[in-house]
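Report on one structure; see the data block that follows.
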Amino acid sequence: MSRKRKAESGEVLKIGNKTISLEGYLTKKPKTASTPSTSTSDNNTPAPSTENDATTPTDPKEFKPSRPLTGDPSLFATRRALPLYLYQDRIRSILSKKDVLVLVGETGSGKSTQVPQFLYQERWCQRRRVKVKTKTREETVNVGGVIAITQPRRVAATTLAGRVAKECGTPLDTSGRGTGKDQEKGLVGYSVRFDHRVPPGTKIKYVTEGMLLQELLRDPHLRQYSAIIVDEIHERSVDVDLLSGFLKQIVTGDKAGRGGIPLKVVVMSATAQVERIKKFFSSDDSLKKGTSGEEVEYLEIEGRQFPVEVIHEPKPVPDIQEALLKTVFKIHTQEPLSDKHGKKDILCFLTGQEEIEAAQRLIEEFAETLDPKVPKVKVFPLFGQLSMEAQHEAFQPIKHPFTRKIVLATNIAETSVTVPGVRYVVDCGKAKVKQYRPRLGMESLLAKPISKSSAIQRTGRAGREGPGKCFRLYTADTFATLPKTDLPEILRTDVLGAVLTMKARGIDDVLSFPLMDRPEIDAVENALVHLHVLGALGDDGRITDTGRKMVLFPVTAPYARVLLAAADPRYDCLLEAIDIISCITAGDDIFMQVRSEKDKEAVDVYRKELQRREGDLITYLNTMQRFVSTPSADRGTFCKQRRINVRNMRQALNIRKQLRSLSVKNKMLAEFPMPDAEVTYQPVSPETAERILKAFLKGFAMKTAVLAPDASYVTAHGKHVVAIHPSSSLHGVKREAIMFLEHVYTQKNYAKKVSAIQAGWIAEALAA
DNA sequence: GAGCTGGGG
């Protein structure tokens, strides 16, 4: 089983039957000649832009803004040092005249924290009472007063709010509690799923993109707001693309719903590749004479990055692991361990867990062969499926003074987390990307070349704390052929959810909704048909009552359909469906992967108890029911024994609570269920399990397969062969028919989250 | 018989 590996001292490394030559890359003495001749520097590191506007002097000490800083004086010095400080008058002046500003500011410019503080006292930002006409009558409403700043991630929204509250010197209790009327007044708040802190008097509100889309459902004109600041738009999530469309409609529309008061929009990006964004908001086609407010202003602000030298490979590398090993040890043996800026650690970008674990083994084995005079290395893997503690380890500085840290990461380290101490980046040039195939109704997850923008982002990770170097394991020519930017998510994903989002917010003609990038018509048509099958759209293509109920739940359309079916007396299994959906939508699988064979045996003993012959869904239900009936004190052990991801389980409990209370609110549950402590665990009967699976079929009848005579599973829709994924409890098991919730192409065409069903149930689900 | 980039309501 265990592959034989042998590290040899000298210049050759053997792994199994593979021999890697390290000739010319290793000099056992740390001090040698400087950088090899292949070294080239390209112009990707952001050069400070020359700003020759008269209103922005170059010395922050001489600059006197038209309005003094307010808030906590102890933080003034830090804020004055931010590049953005010099631009505050300019930004205020632009927005007093124009409605849309596109602002490019590299990481560290301070845009996310400072821009809202520059604006909230502006005259146009005051709340106003205005008359608006509704269908039936005229009414007086409040418009404006608050600035919203959207963020792609919850953690960003909450931490930014905390920091800005501190700068403003107003309270924001992020510790919990502090709700209701005992809340103190404050300038700054935030609102993310499961967590809302909006003190009375809030003028600056950090929200996730999804949250603002939710608000749009209740308030299509965003009347509460004077301005929306869309941050990190370059990440191009589906949510930000939809949001941009709605904002464009408000900005360029007749504003009657806002009593004629304009909504200001500031779009902020970390990369300068904003042509498409600029053009999108400039509303060329809808430009009307006499309304100058529609014009878009553009401003670019330098970041605070140290220079990073970029080194490409002279010729294409045949083996990425080999190239990585050579490069890592070239850095390790030729570059200093630290300098006046601090430690000089290495961050490597790889595609996935498998590649990372292989690289870790290689590096650790080779490190053992190094001369004792050479500093030690310590390797840390970093990918999403890793436990919180293991991820945390990669962020800790190494205490030992004679050791260099090497972090092997997926693109989790590109945007989601920042590893401190990094001064060398090694970039393999690839990343795994998920792409939806509308024709096949499945997605693929494959390693593909990254974009230039992504490569530059990775490079930048070497220059956060001091001057750095980035080694690209591909040639300069290859870099030149990379696409400029990544494909936005809306072109890579099932647009089912996006289409329902539009329909629910009054967009009847989804094909003419303004989007920066339009999905193919095929993809949209597929989504429309699918929504019709789910009953969310009627024959006329308009949203149905079922569809309106579906959007009230924070889950994708098929899951929402399952919840509605489960609430139907015919199936009567809403609480069970909620338990299952909570487990499934809580992030990655609550069952973590077990790395060693020995651990796997021990864990499987416990996991087997949870597994049910009906398959993964009922296993999840069993797991949730067992978990909540376990006393709190024993839950940690329960998770540990079964290698259940505690973080995801906690998230599942939050989702469960939210779905339960939404069910009560939407009259699908008569009353709140009994507290878990009062429920004794009892495994569901086979009869109940059957009802549950039939309820799930109302959302997933399209994702079924029947066992063929040759013992393969063939999908009912499309007639493709699928294999049951090894993560499923039904892997290797043959049943009459299966339902699966996910369908992914990796090494093979895989079905995941699989349940055993009867073939007859499929037609039954599609009929009624 | 064989495995998984990252987010969000």
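Only heavy atoms go into these numbers, but all of them, side chains included; no hydrogens, no water, no symmetry mates. Proteins come first, then strands; the chains are lettered A, B, ... in the order of their sequence lines, and each starts at number 1. Remember, it's a predicted structure, so these values are computed and weren't measured experimentally.
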So, does the side chain of His725(A) form a donor-acceptor pair with the base of dG3(B) at under 3.5 Å?
-> no
In terms of side-chain heavy atoms, does His234(A) have a donor or acceptor partner in Thr271(A) at a distance below 3.5 Å?
-> no
Ring centre gap for Phe700(A) and Tyr559(A) strictly below 6.0 Å = yes
With the side chain of Pro726(A) defined as its heavy atoms from C-beta on, choose the nearest nucleotide among dA2(B), dG9(B), dG6(B).
-> dA2(B)
Give one of base, sugar-phosphate or nothing for Ser191(A), where a contact means two heavy atoms less than 4.0 Å apart.
-> nothing
Which of dG3(B), dG9(B), dC4(B) is nearest the side chain of Arg193(A)? It is dG9(B)
Could you give the CZ-to-P distance, from Arg153(A) to dT5(B), as a whole number of Å?
-> 18 Å
Just checking Gly352(A): base, sugar-phosphate only, or nothing, at a heavy-atom cut-off of under 4.0 Å?
-> sugar-phosphate
Taking all atoms of both residues into account, what is the closest heavy-atom pair of Met624(A) and Ala652(A), and its distance?
-> CE-CB, 4.0 Å
Compare all side-chain heavy atoms of Arg458(A) with those of Ile450(A) and state whether any distance is below 4.5 angstrom.
-> yes
Length of the CD-P vector between Glu742(A) and dG3(B), whole Å = 16 Å
Testing dG6(B), dA2(B), dC4(B) for proximity to the side chain of His731(A), the answer is dA2(B)
Nearest-Å distance, NZ (Lys448(A)) to C1' (dC4(B))?
-> 17 Å
For atom CD of Glu443(A) and atom C1' of dT5(B), their distance in whole Å = 12 Å
Picking from dA2(B), dT5(B), dG8(B), which would you name as closest to the side chain of Tyr750(A)?
-> dA2(B)
Taking atom types as modelled and ignoring hydrogens, do the side chains of Arg472(A) and Thr459(A) form a donor-acceptor contact shorter than 3.5 angstrom?
-> yes
Mind calculating the distance between CD (Glu232(A)) and P (dG6(B)) to the nearest angstrom?
-> 18 Å
Mind checking Gln747(A) for me? I need base, sugar-phosphate or nothing, with any heavy atom below 4.0 Å counting as a touch.
-> sugar-phosphate
Identify whether any heavy atom of Ile412(A) sits under 4.0 Å from a base atom; if not, whether one sits that close to sugar-phosphate; answer base, sugar-phosphate or nothing.
-> sugar-phosphate
Short side-chain N/O contact to dA2(B) OP1/OP2 from Lys748(A), under 4.0 Å | yes
Considering only NZ, NE, NH1 and NH2 on the basic side and carboxylate oxygens on the acidic side, decide whether Lys753(A) and Asp589(A) come within less than 4.0 Å.
-> no
Rounded to whole angstrom units, what separation is found between the CE atom of Met442(A) and the P atom of dC4(B)?
-> 12 Å
To the nearest angstrom, the CZ-P distance between Phe553(A) and dG8(B) comes to 21 Å
Closest to the 5' end of DNA chain B, once Thr208(A) and Lys600(A) are matched to their nearest nucleotides, is Lys600(A)
Please work out if Glu209(A) contacts a base, only the sugar-phosphate, or nothing of the nucleic acid, heavy-atom cut-off 4.0 Å.
-> nothing
Considering just the side-chain nitrogens and oxygens of Ser237(A), establish if one lies under 4.0 Å of OP1 or OP2 belonging to dG7(B).
-> no
For Val555(A), which contact category applies under a 4.0 Å heavy-atom criterion: base, sugar-phosphate, or nothing?
-> base
Toward the 5' end of DNA chain B, which comes first, Thr410(A) or Val192(A), by nearest nucleotide?
-> Thr410(A)
Take the protein atom CD1 of Ile356(A) and the nucleotide atom C1' of dG6(B), then report the distance between them rounded to whole Å.
-> 13 Å
Thr351(A) side chain near dT5(B) phosphate (N/O to OP1/OP2, under 4.0 Å) = no
